[in-house]
Every structure is written in structure tokens, then in C-alpha cells.
Asks: 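My questions will all concern the structure given below.
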2 protein chains.
Amino acid sequence: MSNQSKPVYLKLRDMIAAAIIDGQYREGEMLPSVRALAAEQGANPLTVAKAYQQFQNDGLVEVQRGVGMYVAKGASATLREREREAFLKEEWPEIRTRMDRLGIAPADLLADA
Amino acid sequence: MSNQSKPVYLKLRDMIAAAIIDGQYREGEMLPSVRALAAEQGANPLTVAKAYQQFQNDGLVEVQRGVGMYVAKGASATLREREREAFLKEEWPEIRTRMDRLGIAPADLLADA
DNA sequence: TATAGTGCATCAGTGCCATAATACAGCGCG
DNA sequence: CGCGCTGTATTATGGCACTGATGCACTATA
């Protein structure tokens, strides 16, 4: 669902967010340059820049023009908390509604590992 | 999440599908006309027609030109089963991955209703 | 100063979405 | 038949999001 016709810059944004939360990009470390990530992902540098843009606005990455972008202090925890809130408040209720409609019991899916 | 910047014709398609599954539109019953639903939802008749189109192709609604569109026999069960499969195979794994990343325990979700 | 690496701004192209205005085709009913 | 209701086809238009190519501004380093 999240990997089909979704805009590239949103996919990249999710990838980056996941990497920061998981500590793949650690705080204080430099993120891959726009051009480097573009080449690696087969995307356009501008598209990558657009994905980074959102994190800049939220102060989760700090930009040093001419140098690169760095993961801000506390970015990982902030991101995780923010996404956690959003999931519980906005996504889960809808998911729950759909599951009820489709006759899927939440307990069945949450029971395993 | 499913109700924001999504194309109108897809929102309508989901609404109709939900109504059929829930039995709000019962099998053999006539669906709201293209023009009627358009007026009710403040959309364009062509956009509504586009939403209905998908169900025609799948044989879930039967068209009687000049009369109206009727919910096909077994449409409700077919729809529910189809969406159920899609949910379990495509959506749930991703949801589960996100939950793990965000540190959401199953107990957090089952607490309420 | 020269060079190469950063991010950023501008302009343009493309495609999807939604709408509008008509016109056409099939059915039911008085 | 005439009228009113159905769905459908056609064409045109405006808006918006996404993507892309190019060039500029800034910084570190030699």
C-alpha cells in the first residue's frame, strides 16, 4: 500500500525517517548528500532535496550550506514520538474500522511474535 | 490517512465498497444514480461514474442501461473476501513493521473498545 | 586562486485529476 | 408518441503534483 503509486519524494522521506529512528543515521552524523542518495536510489537530486526539505522545516536535520546536512540532536526520539502519536491517533482508528468491516479480529494478528 | 489528498473517485469507490460490505446497499437493490450521488456528495457526475466503473468491470454491480445499477448477487461476500486478502497480504505486514519501529505494543491498541 | 563538493533557485515539461457543456442511447410509463 | 429518468461518450479546459535539466551560491581544501 505504501509502496505502489506513492510519490517518490514521500517514499524517500519515509526511508530516511526509518533510518533515523533505527539509528542507521546517527545524531550528529552527516546524511548522504542529495546527489549521492539520488544516484543510489536512481532518483533526481531535486526529488531527494524535496524529501529532505520536510526534515529541515521541522528542525530534525541541520543544514550547513556548502557542506552537508546533519542529523539534529534528539531527532531520533522526536521522530519516533511524533510518528507514534500520529499512528495511534489517526491511522489506527481507521485500520480498526476496516478490520471490523472485513471480519478480522485484532487479537488474531497481534498474538504472534 | 485515507481521507486526505486522495483522488475523489477513489474516495467514492471506498465509500461505495464499504456500503456494500456493510449491507447498506443490499444485493439486488438499486444503487444511487450517478447524478444523484454526485449531487449528494458535491462531485461531478463523471467522477462518480468513474468510481462505479471499477465495480462494473469486476461484475460486482450490474448495469441496466436506462434504468440504473444494481448490486450483483454475492457482491458483498466477494468484496469482503477480496479486501480481506489484500489487507492481510499487503497492508498488515507493513503496519506491523511500523509498529515495531515505533515501539507500539499490541496491548496499547487493545486497551480501548 | 583553483577545484570539487555541498545545498538551493528557476524554468519547463508531463501526466493525472476534476470539471464543464453537450449530445447520445436505452428504459418505463402515461 | 412524449416525457423523464437512467448510464455513456465526446471534447475541452483548468489546476495541481511530480519530475527533470540547468545554473548559481556557498564552503572546505589544496
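In this text the structure is predicted, and so the values were computed from the model without any measurement. Chain letters run A, B, ... following the sequence lines, proteins first and then strands; every chain starts at 1.
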Asks: Quick one: side-chain hydrogen bond (donor to acceptor under 3.5 Å, both in side chains) partners of R26(A), sequence neighbours excluded?
Replies: none
Asks: Sequence neighbours left out, what passes side-chain contact (heavy atoms from CB on, under 4.5 Å) with D100(A)? Give chain and number order.
Replies: R96(A)
Asks: Just do the side chain to side chain contact (heavy atoms under 4.5 Å, CB included) check on I95(B) and F87(A) with the steps written out, would you?
Replies: CA-CA 10 Å; I95(B) 293 172; F87(A) 179 86; 4.0 Å; yes
Asks: Spell out protein contact along nucleotides 19-30 of chain D as letters: B when the base is contacted, S when just the sugar-phosphate is, - when no protein heavy atom is under 4.0 Å; keep the 5' to 3' order.
Replies: SBB---SBBS--
Asks: Looking at residues at least two apart in the chain, or sitting in another chain, which of them share a salt bridge (charged side-chain N to carboxylate O under 4.0 Å, His left out) with R84(B)?
Replies: none
Asks: Under 4.0 Å from any atom of DNA chain D, heavy atoms only: list the residues of residues 23-32 of chain B that qualify, in numerical order.
Replies: none
Asks: Which donor-acceptor pairs under 3.5 Å do side chains of residues 27-41 of chain A form with protein atoms, sequence neighbours excluded?
Replies:
residue	atom	partner	partner atom	Å
E27(A)	OE1	G74(A)	N	3.0
E27(A)	OE2	G74(A)	N	3.3
S33(A)	OG	A36(A)	N	3.0

Asks: The criterion is side-chain hydrogen bond (donor to acceptor under 3.5 Å, both in side chains); which residues satisfy it with R13(B), sequence neighbours excluded?
Replies: none
Asks: Using a 4.0 Å heavy-atom cut-off across all strands, classify Q56(B) as base, sugar-phosphate, or nothing.
Replies: sugar-phosphate
Asks: Once salt bridge (Lys or Arg N to Asp or Glu O under 4.0 Å) is applied, what residue pairs with a partner in residues 47-67 of chain A remain, sequence neighbours excluded?
Replies: D58(A)-R82(A)
Asks: Using atom CG of L12(A) as one end and atom C1' of dC18(D) as the other, report the distance to the nearest whole Å.
Replies: 12 Å
Asks: Output every pair passing salt bridge (Lys or Arg N to Asp or Glu O under 4.0 Å) with a member in residues 68-80 of chain A, not counting sequence neighbours, ordered by first then second residue.
Replies: none
